[in-house]
Amino acid sequence: MLEHLFRGKKTIVSEDSPLPTSTIKKLQDVSFIKDATQIITKSIDVQGRDSLTLEIYGTATSAKVNFKCTSISNTARAIKGLRVADFATNVSGGVAEIWQFNISGLKSFIVEVESVSGGKVSVEGQW
């Protein structure tokens, strides 16, 4: 059993009495690029979401994936993410990395595979 402050009221949380489901944020899968073997760019509307977690994975021996976004002007601009393995920040990543982004207030998020060699690369995640 655990005491939790919920909307200003002390609430007891247990297996029999969990927090209301309205407080649990349900994540949605998002697929930007699947099994790319060449340069490709994909943009997806963020639809008011606040955060994005992306994984870059695949059989490629190396790849460079650039992260960009758009706002009011619809001009693509680099966006810096946080690599979860070591908390490094950058505007691009490589194979076998997971990145997190604050996308609050943006219009779209863009993934650009700048290079890929030795296999395929995919960029997918959740928001």
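Just so you know, these numbers come straight off a predicted model, no measurement behind them.
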Determine yes or no for a side-chain-to-main-chain donor-acceptor pair under 3.5 angstrom, with T53 supplying the side chain and Q100 the backbone.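 Looks like no, no N/O pair under 3.5 Å.
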- prompt: Can you get from W127 to I56 by hopping between Ile, Leu, Val, Met, Phe, Trp and Tyr side chains that sit under 4.5 Å apart?
  reply: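 Shared cluster, yes.
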In a table with atom names and distances, give each donor-acceptor pair under 3.5 Å that connects a side chain of residues 39-48 to protein atoms at least two apart or in another chain.
from	atom 1	to	atom 2	distance (Å)
D45	OD1	Q47	N	3.0
Q47	OE1	R49	NH1	3.4

Tell me, please, which residues at least two apart from [X] pass salt bridge (charged side-chain N to carboxylate O under 4.0 Å, His left out).
X    : result
K120 : none
E55  : none
K80  : none

Notebook entry, point to check: Which residue pairs satisfy the side chain to side chain donor-acceptor pair (under 3.5 Å) criterion with at least one member in residues 84-96, sequence neighbours excluded?
Noted result: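 Applying side chain to side chain donor-acceptor pair (under 3.5 Å) to every pair that reaches into residues 84-96, excluding sequence neighbours, yields R83-D86.
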> With clusters built from Ile, Leu, Val, Met, Phe, Trp and Tyr whose side-chain heavy atoms come within less than 4.5 Å, directly or transitively, what are the remaining members of the cluster of L82, listed by chain and number?
Replying inline: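 So far as hydrophobic clustering goes, L82 is joined with F87.
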Listed by chain and number, what are the side-chain hydrogen bond (donor to acceptor under 3.5 Å, both in side chains) partners of [X], not counting sequence neighbours?
X    : answer
S115 : none
S62  : S117
T61  : none

Between [X] and [Y], what is the shortest heavy-atom contact and its length?
X   : Y    : result
A60 : V116 : CB-CG2, 3.7 Å
S73 : R77  : OG-NH2, 3.7 Å
V95 : G58  : CG1-O, 4.1 Å
C69 : I79  : SG-CB, 3.9 Å

Please tabulate, for side-chain N and O atoms in residues 103-111, each donor-acceptor pair with protein atoms closer than 3.5 Å (sequence neighbours left out).
from	atom 1	to	atom 2	distance (Å)
K107	NZ	N74	OD1	3.3
S108	OG	T70	OG1	2.5

**Asked** Do any pairs count as a ring pair (Phe, Tyr, Trp, His ring centres under 6.0 Å) and have a residue in residues 33-86, sequence neighbours left out, and if so which ones?
**Response**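 Pairs touching residues 33-86 that pass the test: F67-W99, F67-F101.
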>> Taking salt bridge (Lys or Arg N to Asp or Glu O under 4.0 Å) as the cut-off, I'd like each qualifying pair that reaches into residues 57-70, sequence neighbours left out, listed once.
In response: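 Qualifying pairs: K64-E114, K68-E112.
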Which distance, rounded to the nearest 0.5 Å, do you find between the CG of L52 and the CD of Q126?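 That separation rounds to 10.0 Å.
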